[in-house]
Amino acid sequence: MKLIIANWKMNGSIELVKQFSTQKFPENVIFCVPDIYLSFVNNLTLGAQNVSSIPHQYGAYTGEISAKMLKDIGVKYALVGHSERREYFQENNTILKQKIDNLVAQDITPIFCFGEKLEEYQSNQTLSVIENQLEPVVGVKNIILAYEPVWSIGTGIVPKKEDISKVYEFLQKKFAQMPKMVYGGSVNSDNSHEILSTWPVDGVLVGGASLKPDEFQKIIDFAS
Ligand code: PGA
């Protein structure tokens, strides 16, 4: 079954969490809601949007949430390397590697996001950019890769199938055992059927459309 991953970002409300919690979703639907709502979620497969890079489970690190704490409340997945965190929080490969190590130690599956910016795409640098971005996951066994070209996030623009195939083939060569790869960027109920049925992907990572229950349900229906 294809994975459907909701990334609420810094959006949503306790009402929305409760609304989703009243429904029963299959396990392939993963809800990455803001940490503060995680413990209010019932019935749903939980993903975090972030985890501390500090290499300790506890300690004097004000404002941080460790992988161990995520594990305690039943989190099974966590986003790492999202372009918004790379850009607004200066998360580099060293920090991302530490986050992955912390998650792996708690048996939480990292959903590792990567993707090039528009100017990099236009100058044909996609593969060299993602090659560098993938450094923190080399050798990590239990991981989901999320290809999210920065120019498609929140813009309504999705890549061509050929673009995805190029990335997929590159990853196939890079990883002895190809991890699951999902696509993210402006996925909605109009384009998800084509993406899920014709692109070489194991699922989708959905931002804006995951906050609208009816819209999100349609995307889930295409995957089942
Ligand atoms: P979007 O966001 O679906 O709103 O484009 C996707 C993401 O950033 O994960």
Side-chain angles (χ1 to χ4, degrees), residues 2-13 16 20 25 28-35 37-38 44-51 75-91 96 99-100 103 108-118 120-121 126 129-130 133-134 136-137 143-161 163-164 167-168 171 179-196 199 201-223:
K2 303 245 166 171
L3 295 167
I4 308 291
I5 306 166
N7 176 13
W8 283 14
K9 311 191 181 186
M10 197 174 74
N11 294 304
S13 61
L16 192 63
F20 275 104
F25 292 94
N28 62 314
V29 183
I30 300 163
F31 284 83
C32 300
V33 301
D35 283 356
Y37 297 140
L38 282 167
L44 310 177
T45 305
L46 291 184
Q49 295 178 19
N50 192 20
V51 64
V75 166
K76 298 221 161 48
Y77 300 87
L79 300 176
V80 180
H82 193 284
S83 60
E84 288 150 16
R85 297 221 52 98
R86 292 176 192 268
E87 181 172 348
Y88 304 133
F89 302 94
Q90 288 78 47
E91 293 191 358
L96 298 179
K99 290 187 176 204
I100 287 169
L103 291 169
I108 296 173
T109 305
I111 302 171
F112 188 77
C113 308
F114 60 97
E116 80 286 359
K117 295 185 179 143
L118 182 61
E120 293 163 341
Y121 173 74
T126 301
V129 168
I130 69 177
Q133 290 177 332
L134 286 164
V137 299
I143 193 142
I144 295 168
L145 301 176
Y147 174 50
E148 297 204 298
V150 179
W151 47 275
S152 70
I153 295 177
T155 59
I157 303 168
V158 293
K160 297 190 280 292
K161 185 184 164 189
D163 296 323
I164 303 299
V167 170
Y168 184 83
L171 296 174
K180 284 201 157 98
M181 179 185 110
V182 302
Y183 164 78
S186 296
V187 174
N188 57 40
S189 62
D190 291 331
N191 58 28
S192 53
H193 182 57
E194 186 182 341
I195 293 173
L196 289 165
W199 290 13
V201 294
D202 299 294
V204 284
L205 176 47
V206 189
S210 70
L211 290 151
K212 303 175 196 147
D214 294 345
E215 172 88 359
F216 193 51
Q217 185 62 55
K218 285 186 196 158
I219 299 173
I220 294 168
D221 291 343
F222 287 135

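Order of listing sets the numbers, starting from 1, for every ligand and every atom in it. Small disclaimer: the values here were computed from a predicted structure and weren't measured. Counting begins at 1 with the first residue of the sequence.
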- Query: Between the side chains of His82 and Gln49, does any donor sit under 3.5 Å from an acceptor?
  - Reply: no
- Item | Close approach of Gly184 to ligand 1, heavy atoms, under 4.0 angstrom | no
- Approximate separation, where rounding is to 0.5 Å, of Ile30 CD1 and Ile111 CD1: 4.5 Å
- Query: Given the side-chain rings of Phe20 and Trp8, with only the six-membered ring counted for Trp, is the space between their centroids under 6.0 Å?
  - Reply: yes
- Note on the structure: Quick look: Ile153 vs ligand 1, heavy-atom contacts under 4.0 Å, and the answer is both
- Any idea which of Cys113, Gly154, Gly208 brings a heavy atom closest to atom 5 (O) of ligand 1? Gly154
- For ligand 1, which atoms sit closer than 4.0 Å to a heavy atom of Gly185? 5 (O)
- May I ask you to identify the nearest protein heavy atom to atom 2 (O) of ligand 1, giving residue, atom name and distance to one decimal place in Å? Lys9 NZ, 3.3 Å
- Message: Considering non-hydrogen atoms of the protein only, which is the closest contact for atom 7 (C) of ligand 1, and what is the distance?
- Response: Glu148 OE2, 3.2 Å
- Message: Distance under 4.0 Å to a non-hydrogen atom of Gly207: what atoms of ligand 1 satisfy this?
- Response: 1 (P), 2 (O), 3 (O), 4 (O), 6 (C)
- Task: Any atoms of ligand 1 less than 4.0 Å from a non-hydrogen atom of His82? List them with their elements.
- Result: 7 (C), 8 (O), 9 (O)
- Count the heavy atoms belonging to other residues, nucleotides or ligands that lie under 6.0 Å from NZ of Lys9, then report whether that count exceeds 12. yes
- Message: Could you tell me, atom by atom, which parts of ligand 1 come under 4.0 Å of a heavy atom of Leu205?
- Response: 9 (O)
